[in-house]
Amino acid sequence: MPELPEVEVVRAGLDGHVTGRTIAAVAVLHPRAIRRHLLGPADFTGRLAGRTIAAAQRRGKYLWLELSDETNPDIALLAHLGMSGQLLVQPVGAPDEKHLRVRFDFTDGGPELRFVDQRTFGGFLVDDLVTVDGARLPSAIAHIGRDPMDPDFSVRAAVAALRRKKTELKRALLDQTLVSGIGNIYADEALWRSKLHWTRPTEGISLAKATEVLAAATDVMREALGQGGTSFDALYVNVNGQSGYFDRSLAVYGQEGLPCGRCGTAIRREPFMNRSSYFCPRCQRRSRS
DNA sequence: AGTATCCCCTGAGCGC
DNA sequence: TGCGCTCAGGGGATAC
């Protein structure tokens with residue numbers, strides 16, 4: 001489940017269900033799920049067995065479990081859900097899901113953690129923790145910018161970085177090095193709220209407008225989190241397999257042909273990077289160039 | 001160096 | 001029924 005609110009729902013679920021527990025064994029059922037762990041499956045499982053989960057953390061759409069050990073330095077099990085990844089807490093012995101990729105068993109014999117991923121874009125790696133700009137995070141995501149839910153997120157810095165870009169506004173919003181956590185849904189929602197067209201050049205955008213669109217992204221993601229995230233189908237669920245409800249509150253995403261909630265004009269869809277951009281053609285005028 | 005395109009996958013839904 | 005096409009909450013690797 002892709003964007004920040006959905007990943008945060010999963011992180012919170014993991015914190016409640018696996019923090020404090022010790023990993024007994026890990027079974028990698030599909031090698032693609034750990035393709036980013038370059039030392040391979042034996043190293044992956046070997047480094048996890050016997051480790052205790054100290055905390056569940058998140059930055060943007062990445063989440064990780066901090067793993068403590070009496071003798072070794074702390075490491076992290078870094079995860080990305082890709083387009084279709086789920087982390088599920090399941091009773092031992094529950095039937096395997098069709099797309100079960102990795103299983104984590106615990107020494108307490110309690111519910112196991114399962115990674116289920118239809119499209120296999122998601123996956124794990126075991127990584128060292130490093131300090132970047134005062135934050136402790138896995139080295140593989142040192143390039144990922146702070147997200148708007150981070151207490152140390154700087155609106156000023158994010159606005160400045162956005163205005164330095166020479167690209168379309170939506171591309172900048174999706175750039176995870178700039179501000180992390182925003183994906184296709186919340187980018188479109190933020191653009192609608194701030195009445196900006198997705199192709200608007202970042203070059204020349206005013207300080208006020210840049211600030212407004214980032215504030216809108218923050219607001220919409222916070223609201224979505226309050227509803228348990230956005231789910232159109234069973235692919236996007238929390239660790240207990242339950243869906244969020246924010247899809248009912250979407251203003252433009254997936255709303256092609258339906259009336260804009262502000263002006264009544266039919267919402268339009270345009271191709272964008274092998275997917276889509278949804279917007280109101282009246283509220284969000286294309287800037288002339 | 002910064003930006004843009006191409007892929008990695010599986011499955012659902014649609015028109016023919 | 002089945003085929004072929006489009007589409008899907010992402011991002012790394014490569015090409016410009």
Side-chain angles (χ1 to χ4, degrees), chain A residues 1-11 29-38 58-63 78-87 97-101 115-125 138-145 147 161-191 198-199 201-203 217 220-221 223-225 227-238 243-256 269-278:
Chain A
M1 25 199 333
E3 306 183 45
L4 185 154
E6 295 76 35
V7 179
E8 174 56 22
V9 167
V10 172
R11 187 211 61 78
L29 306 173
H30 194 308
R32 246 183 83 79
I34 60 154
R35 66 194 179 284
R36 293 188 65 194
H37 188 84
L38 301 179
R58 183 189 55 73
R59 174 174 280 200
K61 305 172 196 173
Y62 286 88
L63 60 84
L78 177 64
H80 195 289
L81 302 173
M83 289 285 268
S84 56
Q86 305 174 343
L87 282 165
E97 292 78 4
K98 183 175 182 186
H99 302 295
L100 178 62
R101 309 305 190 194
F115 181 62
V116 177
D117 188 14
Q118 179 195 103
R119 295 177 70 184
T120 71
F121 290 167
F124 301 95
L125 69 153
S139 67
I141 60 165
H143 63 294
I144 300 295
D147 65 63
L162 186 146
R163 295 178 76 216
R164 274 197 299 272
K165 300 284 286 187
K166 294 186 189 340
T167 187
E168 294 170 343
L169 182 53
K170 182 165 173 178
R171 289 178 184 275
L173 291 175
L174 295 177
D175 183 340
Q176 304 296 301
T177 67
L178 225 159
V179 174
S180 65
I182 303 171
N184 207 32
I185 292 181
Y186 301 114
D188 281 359
E189 295 296 311
L191 289 164
W198 63 277
T199 61
T202 46
E203 211 174 4
V220 71
M221 291 197 292
E223 290 166 29
L225 180 55
Q227 300 293 314
T230 301
S231 317
F232 303 117
D233 54 47
L235 277 186
Y236 301 93
V237 294
N238 67 17
S243 294
Y245 297 101
F246 195 72
D247 60 309
R248 297 172 190 173
S249 307
L250 295 174
V252 285
Y253 188 86
Q255 311 298 308
E256 184 181 19
R269 180 176 76 85
E270 288 181 351
F272 168 72
M273 307 253 297
N274 285 331
R275 40 181 82 91
S276 300
S277 276
Y278 296 89

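Numbers restart at 1 for each chain; the letters A, B, ... are given by sequence-line order, proteins then strands. On a predicted model such as this, the values are computed, not experimentally measured, just so you know. These numbers come from the heavy atoms of this one structure, side chains and all, not from hydrogens, waters or symmetry mates.
Looking at heavy-atom distances under 4.0 Å, A:D117 makes no contact with the nucleic acid at all. Among the heavy atoms of the strands, none lies under 4.0 Å from A:R35. Using a 4.0 Å heavy-atom distance criterion, A:F232 is classed as a base contact.
A:R32 contributes a side-chain N or O that, together with a main-chain N or O of A:T120, makes up a donor-acceptor pair within less than 3.5 Å. In this structure, the side chain of A:R59 engages the main chain of A:I144 through a donor-acceptor pair within 3.5 Å. Side-chain atoms of A:S84 do not come within 3.5 Å of backbone N or O of A:D117 as any donor-acceptor pair. A:E3 contributes no side-chain N or O that, together with a main-chain N or O of A:K61, makes up a donor-acceptor pair within less than 3.5 Å.
Of all nucleotides listed (B:dT3, C:dA8, B:dC8), C:dA8 comes nearest to the side chain of A:R269. Distance from the side chain of A:R32 is smallest to B:dC9 among B:dC9, B:dT5, B:dG11. With B:dC8, B:dG11, C:dA8 as the choices, the nucleotide that has an atom nearest any side-chain atom of A:K98 turns out to be B:dG11. The side chain of A:N274 approaches B:dC7 more closely than any other nucleotide in the set B:dC7, B:dC9, B:dT3. The side chain of A:R171 has B:dA4 as its nearest neighbour among B:dG11, B:dC9, B:dA4.
Proximity of A:S84 to the phosphate of C:dA8: no side-chain N or O atom is located under 4.0 Å from OP1 or OP2.
With hydrogens and angles left out, the side-chain atoms of A:S180 and A:Y62 include no donor and acceptor closer than 3.5 Å.
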Exercise. List the protein contact pattern of nucleotides 11-16 of chain C with one symbol per nucleotide (5' to 3'): B for base contact, S for sugar-phosphate-only contact, - for none; contact means a heavy-atom distance under 4.0 Å.
Key: SS----

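Rounded to whole Å, the C1' atom of B:dA12 lies 23 Å from the corresponding atom of C:dG11.
Taken together, the paired segments of DNA chain B that extend over three or more consecutive Watson-Crick or G-U pairs, each closer than 3.5 Å at both contacts, are B:2-8 with C:10-16, B:10-16 with C:2-8.
Between A:F246 and A:Y186, the angle of the ring planes lies from 30° to 60°, which puts this pair in the tilted group.
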